[in-house]
Novice: 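Dropping a structure here in structure tokens format, bear with me for questions.
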Amino acid sequence: MPETPIYLILLGPPMSGKGTQAARLSRLLGVPQVSSGDLFRDNIKNQTELGRKAKAYIDRGDLVPDEITIGMVAQRLSQPDCAGGALLDGFPRTIPQAEELDQILSDLGASLTGVLSVGVPENVLVDRASGRRICRSCGKSYHLTFNPPEREGLCDVDEGELYQRKDDLPETVRQRLAVYQQQTSPLSKYYLDRGLLREVNGDQPIEDVAADIARVVNQL
Ligand code: ADP
Ligand code: ADP
């Protein structure tokens with residue numbers, strides 16, 4: 001565990017590689033990956049009340065309302081394994097979420113270390129979406145062409161079945177990209193103004209993005 005807690009945000013549109021990079025960085029830094037999308041999907045799989053509330057929004061490609069999302073993430077961040085820090089993947093996605101995160105971290109006696117903004121052109125994002133596959137049991141993401149599993153249809157980590165997310169179908173992806181532009185992209189300026197934003201080129205092979213991120217994190 002690092003001496004000073006390290007709280008990083010991976011910011012970027014759907015398909016920019018946030019989850020892929022957060023998982024790698026989590027192993028490198030020894031701090032957990034906190035993915036709001038994974039938390040929602042776990043709640044839906046386990047048929048919780050929160051999952052029931054969130055499902056319709058997710059299926060449409062809209063954001064889940066802030067009051068549901070913030071409570072879920074705050075609870076996760078209060079767990080003991082996040083005391084040494086966390087990599088936030090997919091949260092915050094709105095300005096009110098970002099403001100609440102500042103408050104949550106300050107209540108924990110901590111603060112944000114930095115925000116890694118992963119940039120990828122829109123046409124590349126759309127191409128990636130069609131090939132993404134997710135492990136049904138652990139949530140790890142693969143790509144049929146760019147990041148295939150060792151054995152077709154099975155997760156390398158736990159042999160879970162790989163499936164295509166319903167919200168990765170083309171129409172919903174378009175909606176999610178529009179929602180990103182409207183509601184999430186203003187966060188770049190929010191964090192730029194606070195001196196926390198670091199840009200990373202996400203349109204390179206996975207290993208190269210990971211190397212750039214490691215360099216940027218070392219300089220924080
Ligand atoms: P991606 O990795 O493609 O960006 P996620 O797995 O992070 O997608 O999110 C899937 C869906 O879960 C989003 O389209 C949205 O409906 C919901 N969601 C995830 N994180 C948030 C958030 N911070 N605020 C509101 N909704 C969210
Ligand atoms: P996000 O969490 O931002 O939605 P993911 O990490 O799930 O993104 O990646 C989206 C898809 O693109 C996945 O199928 C993943 O395997 C693939 N992918 C991730 N990074 C790259 C990259 N640098 N080049 C090509 N494909 C990538």
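Order of appearance sets the numbers: ligands from 1, and atoms from 1 within every ligand.
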Novice: State which residues pass side-chain contact (heavy atoms from CB on, under 4.5 Å) with Ser185; sequence neighbours excluded, sorted by chain then number.
Specialist: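 side-chain contact (heavy atoms from CB on, under 4.5 Å) list for Ser185, sorted by chain: Tyr180, Gln181.
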Novice: Which atoms of ligand 1 sit under 4.0 Å from any heavy atom of Arg41?
Specialist: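 Going through ligand 1 atom by atom, the ones under 4.0 Å from Arg41 are 6 (O), 10 (C).
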Novice: So which pairs with a foot in residues 110-129 pass side-chain hydrogen bond (donor to acceptor under 3.5 Å, both in side chains), sequence neighbours left out?
Specialist: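 Qualifying pairs, neighbours excluded: none.
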Novice: Does Val64 reach ligand 1 with a nitrogen or oxygen that is under 3.5 Å from one of the ligand's nitrogen or oxygen atoms?
Specialist: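 The answer is yes, given that Val64 and ligand 1 share an N or O pair closer than 3.5 Å.
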Novice: Which ligand 1 atoms are under 4.0 Å away from a heavy-atom of Gln97?
Specialist: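 Near Gln97, meaning under 4.0 Å from one of its heavy atoms, ligand 1 has 22 (C), 23 (N), 24 (N), 25 (C).
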Novice: Please examine the side chains of Tyr7 and Leu101, heavy atoms only from C-beta on, and report whether any two atoms are closer than 4.5 Å.
Specialist: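 Heavy-atom side-chain distance check fails, nothing below 4.5 Å.
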Novice: Within a 6.0 Å radius of atom CD on Gln79, are there more than 12 heavy atoms belonging to other residues, nucleotides or ligands?
Specialist: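 Yes.
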Novice: What I want to check is whether the side chains of Asn43 and Thr48 have a donor and an acceptor closer together than 3.5 Å.
Specialist: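 Result is yes, a qualifying pair exists.
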Novice: Can you name the atoms of ligand 1, numbered from 1 with element, that are less than 4.0 Å from a heavy atom of Thr69?
Specialist: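 Result: 22 (C), 23 (N), 24 (N), 25 (C).
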Novice: Are any of the side-chain heavy atoms of Leu50 and Phe40 separated by less than 4.5 Å?
Specialist: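 A side-chain contact exists here, since the closest heavy-atom pair is under 4.5 Å.
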Novice: Go through ligand 1 atom by atom and flag the ones less than 4.0 Å from a non-hydrogen atom of Asp62.
Specialist: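 Those qualifying, in numeric order: 15 (C), 16 (O).
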Novice: Between Gln204 and Val120, is there a side-chain heavy-atom distance shorter than 4.5 Å?
Specialist: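 SC-SC contact between Val120 and Gln204 ruled out.
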Novice: List every atom of ligand 1 that sits less than 4.0 Å from any heavy atom of Ser36, numbering the atoms from 1 in the order shown and giving each element.
Specialist: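 In order of numbering, the contacting atoms are 19 (C), 20 (N), 21 (C), 23 (N).
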Novice: Once ring-ring contact (aromatic ring centres under 6.0 Å, His included) is applied, do any residues pair with Tyr163, and if so which ones, sequence neighbours excluded?
Specialist: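 Counting only residues at least two positions away or on another chain, Tyr163 forms no ring-ring contact (aromatic ring centres under 6.0 Å, His included).
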Novice: Indicate yes or no for a side-chain donor-acceptor contact from Lys140 to the backbone of Cys135 under 3.5 Å, with no hydrogens or angles considered.
Specialist: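 The answer is no, because no donor-acceptor pair under 3.5 Å joins these two groups.
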Novice: Taking only heavy atoms of Leu63, which atoms of ligand 1 are found under 4.0 Å from at least one of them?
Specialist: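 Near Leu63, the atoms of ligand 1 are 25 (C), 26 (N).
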Novice: Write down, by chain and number, every protein residue that brings a non-hydrogen atom to less than 4.0 Å from an atom of ligand 2.
Specialist: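 The answer is Pro13, Pro14, Met15, Ser16, Gly17, Lys18, Gly19, Thr20, Arg128, Arg132, Ser141, Tyr142, His143, Phe146, Asn147, Gly202, Gln204, Pro205, Ile206, Val209, counting any residue whose heavy atom sits under 4.0 Å from ligand 2.
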